[in-house]
Peer 1: 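Got a structure for you, questions after.
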Amino acid sequence: MKIALFSTKRYDRRFFDLFNQDQSHEITYFENRLDASTAGLTSGFPVVCAFVNDRVDREVLQILAGNGVKLVAMRCAGYNNVDLPAAKELGIDVVRVPAYSPYAVAEHTVALILTLNRKTHKAYNRVREGNFALDRLEGFDLFGKTVGVVGTGQIGAIFAKIMIGFGCNVVAFDPFPNKELEKAGVTFLPKQELLSQSDIVSLHCPLTPETYHFIDDIAIKRFLKPGAMLINTSRGALLDSKAVIDGLKKKRIGYLGIDVYEQEADFFFEDLSEEIIDDDLLARLLSFPNVLVTSHQGFFTEEALTEIARTSLDNVTHFGKGAFIAKNKLT
Ligand code: NAI
């Protein structure tokens, strides 16, 4: 089938070309992000393949429907950027890749924690300049610390098990507690108790109206344990960035590690090293010594890219045969 693939990077092309050898779809790669200004490019394509920061809202879907698009194949798990009711109304099916490598994101979460704690990013720079002093590189033992996991689905559960392996006391919050984790010794707590008990809080829930600004001013001022480490590898808008900056300034938040940012679509995945960062909140976050920002790279492993390309192309093939893979279908 003819596929218009948006937000293409070199690595997308490499993996999609490889797995398309067996499938023979006709893929056109657009580097542009999908939004209202680029949606016109979809004319003549029954299938659009989009990613996390593409805009698949009602306005865009209306243009896609007018161009005869029948399927939006999201090559990611999260779909907070897709207006599913609008897609349904307009007769556009939406599929996704529900799991490509939960290990990739869980392991990146651990990388953020270890880096923030043991400051390996600073040590790397120091020793390269001949500075072998240890001042200000002090960290803390993870062993015995309490780690709060918000959302114990695929990624959260793997992350919880890794932290159990470190000898941490793992507590969790999820409207649907994970029985396997309970058996492994994880205690499920209400949100406020999790925040007040945890030395490290890590977010692994989807972005929904209920989880929007899950960590806000009240959560930081009234419940978060002072000096706690806050980690977000899920979706930027789970954190209220302004409240987080205030929490960092007042030292309520001891460390912040984020792989996602509320307004990331304008910056992440691009080389803007010669540009002015036109976002005062992001610029402020980058200025703290105890903040580590990565640009949505949690998923970025060979295994995950393989699974993303393979499942996305399988989804399109099944759509072509009129036989969806039920677990991948959103509308
Ligand atoms: P999942 O669907 O397996 O698990 C999500 C869990 O969150 C479920 O157990 C659900 O019950 C829980 N949940 C729902 N509402 C909640 C609430 N209000 N409070 C607490 N928990 C709640 O999803 P998965 O695969 O574990 O992914 C989690 C998130 O990770 C995704 O939604 C996505 O935003 C993010 N992600 C980030 C990536 C990255 O590269 N940084 C890559 C892939 C996913």
Side-chain angles (χ1 to χ4, degrees), residues 7 9 11-12 50-54 56 74-82 84 96-113 147-163 170-182 186-195 198 201-216 219 223 231-239 257-262 264-265 267-269 292-308 311-312 327-330:
S7 297
K9 298 287 178 209
Y11 41 84
D12 294 310
F51 197 45
V52 283
N53 288 330
D54 288 315
V56 197
M74 297 303 295
R75 55 179 194 280
C76 51
Y79 49 89
N80 51 285
N81 52 338
V82 187
L84 293 179
R96 66 168 173 152
V97 183
Y100 29 95
S101 174
Y103 299 98
V105 186
E107 289 169 12
H108 187 71
T109 307
V110 180
L112 292 178
I113 293 172
V147 176
V149 184
V150 177
T152 52
Q154 302 185 79
I155 297 169
I158 292 166
F159 170 69
K161 287 182 203 159
I162 297 174
M163 298 322 286
V170 179
V171 296
F173 170 70
D174 193 308
F176 304 97
N178 180 320
K179 300 276 171 267
E180 193 196 336
L181 285 187
E182 279 182 323
V186 174
T187 309
F188 280 78
L189 298 173
K191 171 180 175 181
Q192 294 167 3
E193 277 183 49
L194 176 140
L195 294 180
S198 301
V201 174
S202 191
L203 305 179
H204 300 285
C205 56
L207 176 61
T208 63
E210 292 76 45
T211 60
Y212 176 78
H213 286 183
F214 184 89
I215 300 290
D216 59 7
F223 302 110
I231 304 286
N232 185 13
T233 55
S234 283
R235 285 292 180 266
L238 295 178
L239 301 184
I258 53 174
D259 187 46
V260 286
Y261 169 64
E262 207 167 345
E264 69 178 46
F267 306 97
F268 284 15
F269 308 134
L292 181 58
V293 181
T294 53
S295 62
H296 209 135
Q297 71 176 80
F299 75 99
F300 201 56
T301 64
E302 174 127 9
E303 289 79 0
L305 290 168
T306 298
E307 207 44 48
I308 286 171
T311 307
S312 299
K327 69 177 169 43
N328 299 355
K329 194 170 182 315
L330 290 167

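Just follow the structure's listing: the first ligand is 1, and inside any ligand the first atom is 1.
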Peer 1: Hey, does Ser202 have a side-chain heavy atom less than 4.5 Å from the side chain of Val149?
Peer 2: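 SC-SC contact between Val149 and Ser202 ruled out.
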Peer 1: Are any of the N/O atoms on Val105, whether in the backbone or the side chain, positioned under 3.5 angstrom from an N/O atom of ligand 1?
Peer 2: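 No.
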Peer 1: How does Asn178 reach ligand 1, by side chain, by backbone, by both or by neither, if only non-hydrogen atoms under 4.0 Å count?
Peer 2: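 Near ligand 1, Asn178 shows nothing, with every heavy atom at 4.0 Å or more.
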Peer 1: Using a 4.5 Å cut-off on heavy atoms from C-beta on, say whether the side chain of Lys161 contacts that of Leu181.
Peer 2: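 Of all side-chain heavy-atom pairs linking Lys161 with Leu181, at least one is under 4.5 Å.
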Peer 1: Would you mind running through ligand 1 and noting each atom that sits below 4.0 Å from a heavy atom of Gly298?
Peer 2: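 Near Gly298, meaning under 4.0 Å from one of its heavy atoms, ligand 1 has 40 (O).
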Peer 1: Is any N or O atom of Glu210, backbone or side chain, closer than 3.5 Å to an N or O atom of ligand 1?
Peer 2: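 For ligand 1, there is no N or O atom that lies under 3.5 Å from one belonging to Glu210.
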Peer 1: With heavy atoms of Phe173 as the reference, note each atom of ligand 1 found under 4.0 Å away.
Peer 2: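 Near Phe173, meaning under 4.0 Å from one of its heavy atoms, ligand 1 has 19 (N), 20 (C), 21 (N).
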Peer 1: Hey, does Cys205 have a side-chain heavy atom less than 4.5 Å from the side chain of Leu238?
Peer 2: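 A side-chain contact exists here, since the closest heavy-atom pair is under 4.5 Å.
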Peer 1: What is the closest protein heavy atom to atom 7 (O) of ligand 1, and at what distance does it sit?
Peer 2: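 For atom 7 (O) of ligand 1, the nearest protein heavy atom comes out as Pro206 CD, 3.3 Å.
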Peer 1: Determine whether the side chain, the backbone, both or neither of Ile155 has a heavy atom under 4.0 Å from any heavy atom of ligand 1.
Peer 2: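 Within the 4.0 Å criterion, Ile155 contacts ligand 1 through backbone and side-chain atoms alike.
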Peer 1: Return a yes/no value for Gln297: is any of its N or O atoms, backbone included, closer than 3.5 angstrom to an N or O of ligand 1?
Peer 2: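 N/O-N/O distance below 3.5 Å does not exist for this pair.
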Peer 1: Can you tell me which residue and heavy atom of the protein come closest to atom 37 (C) of ligand 1, and the distance to 0.1 Å?
Peer 2: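 Answer, as residue, atom name and distance: Thr233 O, 3.1 Å.
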Peer 1: Determine the sole option in Asn232, Thr109, Thr294 for which the side chain to side chain donor-acceptor pair (under 3.5 Å) test with Asp259 is passed.
Peer 2: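 Only match with Asp259 under side chain to side chain donor-acceptor pair (under 3.5 Å): Thr294.
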Peer 1: Can a non-hydrogen atom of Ala77 be found less than 4.0 Å from any atom of ligand 1?
Peer 2: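 Not so, Ala77 does not reach ligand 1.
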Peer 1: Count the heavy atoms belonging to other residues, nucleotides or ligands that lie under 6.0 Å from CD of Glu302, then report whether that count exceeds 12.
Peer 2: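 No - once you tally the heavy atoms of other residues, nucleotides and ligands closer than 6.0 Å, there are 12 at most.
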Peer 1: Polar-atom distance check: Ser234 versus ligand 1, any N or O pair below 3.5 Å?
Peer 2: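 There is such a contact, yes.
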Peer 1: When you measure from the side chain of Arg96 to the backbone N and O of Ala77, does any donor-acceptor pair fall under 3.5 Å?
Peer 2: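 Here the side-chain-to-backbone pair exists.
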Peer 1: May I ask you to identify the nearest protein heavy atom to atom 40 (O) of ligand 1, giving residue, atom name and distance to one decimal place in Å?
Peer 2: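 It is Phe299 N, 3.0 Å.
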Peer 1: Counting non-hydrogen protein atoms only, what is the nearest one to atom 28 (C) of ligand 1? Give residue, atom name and distance.
Peer 2: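 Sorting protein heavy atoms by distance from atom 28 (C) of ligand 1 puts His204 O, 3.3 Å first.
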Peer 1: Is the backbone of Val201 close enough, under 3.5 Å, to the side chain of Ser198 for a donor and an acceptor to pair up by distance?
Peer 2: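 Between the backbone of Val201 and the side chain of Ser198 there is no qualifying donor-acceptor contact (under 3.5 Å).
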Peer 1: Give me the residue, atom name and distance of the protein heavy atom closest to atom 4 (O) of ligand 1.
Peer 2: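 The answer is Gly153 CA, 3.2 Å.
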Peer 1: Between the candidates Leu238, Thr211, Leu203, Asp174, which shows the shortest non-hydrogen contact distance to atom 17 (C) of ligand 1?
Peer 2: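 The nearest heavy atom belongs to Thr211.
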Peer 1: Please classify the Tyr100 to ligand 1 contact at 4.0 Å (heavy-atom distances, strictly less than): side chain, backbone, both or neither.
Peer 2: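 Contact part for Tyr100 vs ligand 1: side chain (C-beta onward).
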Peer 1: Between Gln154 and ligand 1, is there a nitrogen or oxygen pair with a distance under 3.5 Å?
Peer 2: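 Yes, there is a polar N/O contact under 3.5 Å.
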Peer 1: Are side-chain heavy atoms of Leu305 and Phe299 found at a separation under 4.5 Å?
Peer 2: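 Yes - at least one pair of side-chain heavy atoms lies under 4.5 Å apart.
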Peer 1: Strictly under 4.0 Å, does any heavy atom of Gly78 approach an atom of ligand 1?
Peer 2: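 False for this residue.
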Peer 1: So, do Leu194 and Phe223 sit near enough that their side-chain heavy atoms are less than 4.5 Å apart?
Peer 2: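 Sidechains of Phe223 and Leu194: no contact.
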Peer 1: For the residue pair Lys191 and Phe214, establish whether any side-chain heavy-atom pair is separated by less than 4.5 Å.
Peer 2: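 When only atoms from C-beta onward are counted, Phe214 and Lys191 do touch, with a gap below 4.5 Å.
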Peer 1: Is there a nitrogen or oxygen of Phe176 sitting under 3.5 Å from a nitrogen or oxygen of ligand 1?
Peer 2: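 By distance alone, the answer is no.
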Peer 1: Any protein heavy atom under 4.0 Å from atom 31 (C) of ligand 1?
Peer 2: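 It does not; no protein heavy atom is within 4.0 Å.
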Peer 1: Which residue and non-hydrogen atom of the protein lie closest to atom 16 (C) of ligand 1, and at what distance in Å?
Peer 2: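 Going by distance alone, atom 16 (C) of ligand 1 is nearest to Pro175 CD, 3.6 Å.
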Peer 1: Mind checking whether Phe51 and Phe269 have ring centres under 6.0 Å apart?
Peer 2: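 Yes, the ring of Phe51 comes within the 6.0 Å limit of the ring of Phe269, centre to centre.
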Peer 1: Just need the protein heavy atom nearest to atom 33 (C) of ligand 1, so name the residue and atom and give the distance.
Peer 2: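 I find the closest protein heavy atom is Arg235 NH1, 3.6 Å.
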Peer 1: Under 4.0 Å and counting heavy atoms only, is there anything from the protein next to atom 2 (O) of ligand 1?
Peer 2: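 No, because not a single protein heavy atom sits under 4.0 Å from atom 2 (O) of ligand 1.
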Peer 1: Decide yes or no for Asn81 and Met74: does some side-chain heavy atom of the first lie under 4.5 Å from some side-chain heavy atom of the second?
Peer 2: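 Sidechains of Met74 and Asn81: in contact.
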Peer 1: Determine whether a donor-acceptor pair (N or O, by modelled atom type, separation under 3.5 Å) exists between the side chain of Thr233 and the backbone of Val105.
Peer 2: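 Such a contact is absent between Thr233 side chain and Val105 backbone.
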